[in-house]
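Data block below; observations after.
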Amino acid sequence: MATGVWKKFIDEGLITEEMFTKAVEMRAQNKSGLAFNLALLGADEEEMAKRLAVHYGVEYIDMMSAALDASLLSIIPRAKAETLGIFPVRRDGKAVLFACADPMNPELSSFIKEFKFKGGIEIEMAMAPESYIKLAIEQGMKKEVNSQTSDTLKEMSGSDVELEVIKDAASAEDGDTVDEAPVIRLCNSLIADAVEKNASDIHIEPFEKEIKIRYRIDGSLIEQPSPPVNYKRAITSRYKVMARLDIIEKRKPQDGRIKIKVKDKTIDLRVSTLPVVWGEKIVMRILDQANLQLDLTKLGFEQDELAKFQKAINSPYGILLVTGPTGSGKTTTLYSALSTINAPDINIMTAEDPVEYNLPNVNQVQMNPEADLTFASTLRSFLRQDPDVIMVGEIRDHETAEIAIKAALTGHLVISTLHTNDAPTTISRLQDMGIEPFYIGSAVILIVAQRLVRKVCRDCGQPAVYDPEILKSVGITPAISAASRFMKGTGCPTCNGSGYKGRVAIYEIMEINEDMKKVILKGSDATVVKEAAIKNGMNSLRMAALLKFRAGLTTLDEVLSVTAG
């Protein structure tokens with residue numbers, strides 16, 4: 001139970017009792033302070049640090065704007081700084097001010113005595129958020145004493161991360177202008193840091209008094225330390241220059257791309273800008289070819305599902321549809337399918353918007369509506385190019401659907417996507433587009449709906465026990481429970497305290513066999529189609545997620561948050 005200042009924080013609504021209890025458990029695992037772990041659970045670490053400074057009667061240091069003395073980096077070994085959670089900020093004569101996360105740490109007293117004994121240096125402690133101290137140590141103390149650490153840390157740009165911007169031959173120009181060095185270092189560091197953390201997206205959001213930086217990691221947005229607000233426009237301009245966008249135009253959304261090398265890896269960034277109240281929000285989708293999983297057996301298919309999917313992609317003709325919302329892993333599934341069947345004797349052609357990854361020996365076409373290069377027009381052209389397999393990025397309208405149906409009925413395998421919530425609803429969606437049930441039943445051979453669920457962190461996963469009544473409510477009987485292996489992450493540095501690391505796909509595979517064709521030909525609604533599909537052996541998304549839960553790959557909370565009952 002919380003006491004003292006933590007009880008006061010609970011009473012004031014800064015944190016909850018549940019958050020405090022969880023933070024205490026996390027502290028035992030990751031050895032970080034309570035405030036740091038509470039911040040991982042959603043509390044305002046900066047506000048807590050300010051109030052703790054008042055409570056302990058010490059100065060609060062704003063490390064984002066403080067003038068840091070680079071000459072002090074050698075005053076304490078990095079390992080010692082990490083152990084004590086401290087960082088040297090400034091010197092005043094023989095007094096050195098350190099930022100610390102816990103001024104009451106009993107180990108600090110011996111540290112202070114040691115310094116005074118050795119060199120007559122007086123050590124003073126000030127309060128700062130632990131996350132800022134960790135970042136300062138990580139990005140500052142790994143550099144040499146004569147480096148520009150004070151400037152680099154103040155602008156949150158870390159060490160001089162070298163990124164090579166790769167220009168397409170068609171767009172390369174001489175005389176590109178660049179921003180000042182600190183801004184370049186900052187922008188490079190943000191990208192490199194996101195790539196290192198396996199983020200899928202970088203969100204840069206301008207507000208009146210701050211710039212929020214958030215990375216999407218394993219499907220969740222995780223806030224990062226913010227750079228100084230006065231660099232708002234410079235950061236926006238720098239990324240727009242890198243993406244070859246119009247830096248003068250601030251009233252309209254813009255889309256571009258950046259191709260860079262980070263530590264010998266080629267990374268594609270899809271850049272989107274959007275005018276908001278306090279500037280322009282930038283979202284960058286990170287496309288790392290090295291992270292593209294092309295092995296079907298490692299995507300998350302159950303054995304019987306994999307057999308059905310492989311049968312469909314090896315079919316000489318028909319339509320295979322993959323459905324799900326943005327970010328559900330459809331692209332990975334499509335590319336894995338194409339990679340599996342890719343061979344010298346097969347002509348594979350794709351129409352994509354955008355082309356996210358380059359596949360060897362596959363003819364990929366980027367959509368360009370301004371040049372009348374749409375899914376429908378490109379699909380027509382494909383049919384004159386002697387294709388064996390056609391992939392259409394998305395079926396959005398009647399025209400595209402109609403051409404895809406005709407292609408499938410004339411001896412081509414067509415793979416595409418639709419935005420529907422589940423596999424059975426896809427039938428209704430095609431009917432809404434004006435496609436007759438007869439053509440749907442004749443052309444479509446398999447429909448796959450998918451989602452991504454977070455996996456339990458391997459480093460902190462522990463056996464979990466659930467209330468039998470809760471398990472019963474999701475269809476897990478005591479007998480099934482006894483044969484299951486439930487796991488739950490407790491939170492550790494590897495998973496940033498979340499208990500999850502990585503994601504795995506869950507699939508709803510609806511095979512269009514003779515029984516399903518009869519149901520479709522009747523023009524049945526999605527409910528009837530779903531009942532028939534389950535009767536024919538389809539696992540719903542909820543059922544598929546529960547299989548992962550029973551195997552200890554994910555948690556019940558994740559199952560319930562990702563799938564509908």
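None of these values were measured; they are calculated from a predicted model. The first residue of the sequence shown is numbered 1, and numbering continues consecutively from there.
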Could you report the tightest heavy-atom contact between P206 and V276, atom names first, then the distance? CG-CG2, 3.8 Å
Counting heavy atoms not belonging to Y357, are there more than 12 under 6.0 Å from its OH? yes
Where the side chain of K240 meets the backbone of D246, is there a donor-acceptor pair that is under 3.5 Å apart? yes
Can you give me the closest heavy-atom contact between V504 and K548, atom names plus distance? CG2-CE, 4.0 Å
Classify the angle between the aromatic ring planes of F549 and F486 as parallel (below 30°), tilted (30 to 60°) or perpendicular (above 60°). parallel
Search all heavy atoms of N358 against all heavy atoms of Q364 and return the closest pair with its distance. CA-OE1, 3.4 Å
Under a 4.0 Å threshold between the charged nitrogen and the carboxylate oxygen, would K232 count as salt-bridged to E280? no
After noting the C-alpha distance and the side-chain angles of Y500 and S220, does the key distance pass the side chain to side chain donor-acceptor pair (under 3.5 Å) rule? CA-CA 10 Å; Y500 299 98; S220 298; over 6 Å; no
From CD1 (I341) to OG (S336), nearest 0.5 Å: 11.5 Å
Less than 4.5 Å apart, side chain to side chain, heavy atoms only: is that true for M19 and N37? no
Minimum heavy-atom separation for L320 to I445, with atom names? N-CG1, 4.5 Å
I would like to know whether M391 and I348 meet side chain to side chain contact (heavy atoms under 4.5 Å, CB included); could you show each step before the answer? CA-CA 8 Å; M391 188 189 89; I348 302 176; 5.8 Å; no
Check whether any side-chain heavy atom of Y335 lies under 4.5 Å from a side-chain heavy atom of S339, and answer yes or no. no
Only residue of K197, R214, K212 satisfying side-chain hydrogen bond (donor to acceptor under 3.5 Å, both in side chains) with Q224 is K197
Any donor-acceptor pair under 3.5 Å from N536 side chain to A532 backbone: yes
Counting only heavy atoms not in Y439, do more than 12 fall under 6.0 Å of its OH? no
I'd like to know if the side chain of E558 and the backbone of R454 have a donor-acceptor N/O pair within less than 3.5 Å. yes
Would you mind reporting whether F382 and V392 have side-chain heavy atoms less than 4.5 Å apart? no
Do the side chain of D255 and the main chain of S272 share a donor and acceptor less than 3.5 angstrom apart? no
Shortest non-hydrogen pair, Q450 vs V322, comes out as OE1-CG1, 3.5 Å
Using 0.5 Å steps for rounding, measure from the CD atom of E508 to the OG1 atom of T563. 10.0 Å
Distance-only donor-acceptor check, side chains D557 and T555, under 3.5 Å: no
Calculate, to the nearest 0.5 Å, the distance between atoms CD1 and CG belonging to I480 and L546 respectively. 9.5 Å
At what distance, to the nearest 0.5 angstrom, does CG of L269 lie from CG of L287? 7.5 Å
Pair L38, K22 - check side chain to side chain contact (heavy atoms under 4.5 Å, CB included), show working. CA-CA 8 Å; L38 284 164; K22 178 65 176 175; over 6 Å; no
Under 4.5 Å between any side-chain heavy atoms of Y507 and L299, yes or no? yes
Polar side-chain atom of T273 near backbone of Q254 as donor-acceptor pair, under 3.5 Å: yes
Under the side chain to side chain donor-acceptor pair (under 3.5 Å) rule, what do N496 and S498 come out as? Steps first, then yes or no, please. CA-CA 6 Å; N496 203 28; S498 68; over 6 Å; no
Would you check if the side chain of D304 reaches a backbone N or O of A307 as a donor-acceptor pair within less than 3.5 Å? no
Got a donor-acceptor contact below 3.5 angstrom from the T374 side chain to the P369 backbone? no
Keeping K330 on the side-chain end and G327 on the backbone end, is there a donor-acceptor pair under 3.5 Å? no
Return the OG to CG distance between S540 and D422, rounded to the nearest 0.5 Å. 9.0 Å
Looking at K472 and E469, does any basic side-chain N land under 4.0 Å from a carboxylate oxygen? no
Would you say D218's side chain and G502's backbone share a donor-acceptor pair under 3.5 angstrom? yes
Test your reading of the model: is there a side-chain donor-acceptor pair from Y215 to the backbone of N198, 3.5 Å cut-off? no
Any heavy-atom pair between the side chains of R257 and P354 that's under 4.5 Å? no
Over 12 foreign heavy atoms within 6.0 Å of NZ, K517: yes
H203 versus K281, closest heavy-atom pair with distance: ND1-NZ, 3.4 Å
Taking only Lys NZ, Arg NE, NH1 and NH2, and the carboxylate oxygens of Asp or Glu, determine whether D268 and K259 approach each other closer than 4.0 Å. no
Return the NZ to CD distance between K308 and E302, rounded to the nearest 0.5 Å. 11.5 Å
So, applying side chain to side chain contact (heavy atoms under 4.5 Å, CB included) with M433, which one of D397, I395, T400 is it? I395
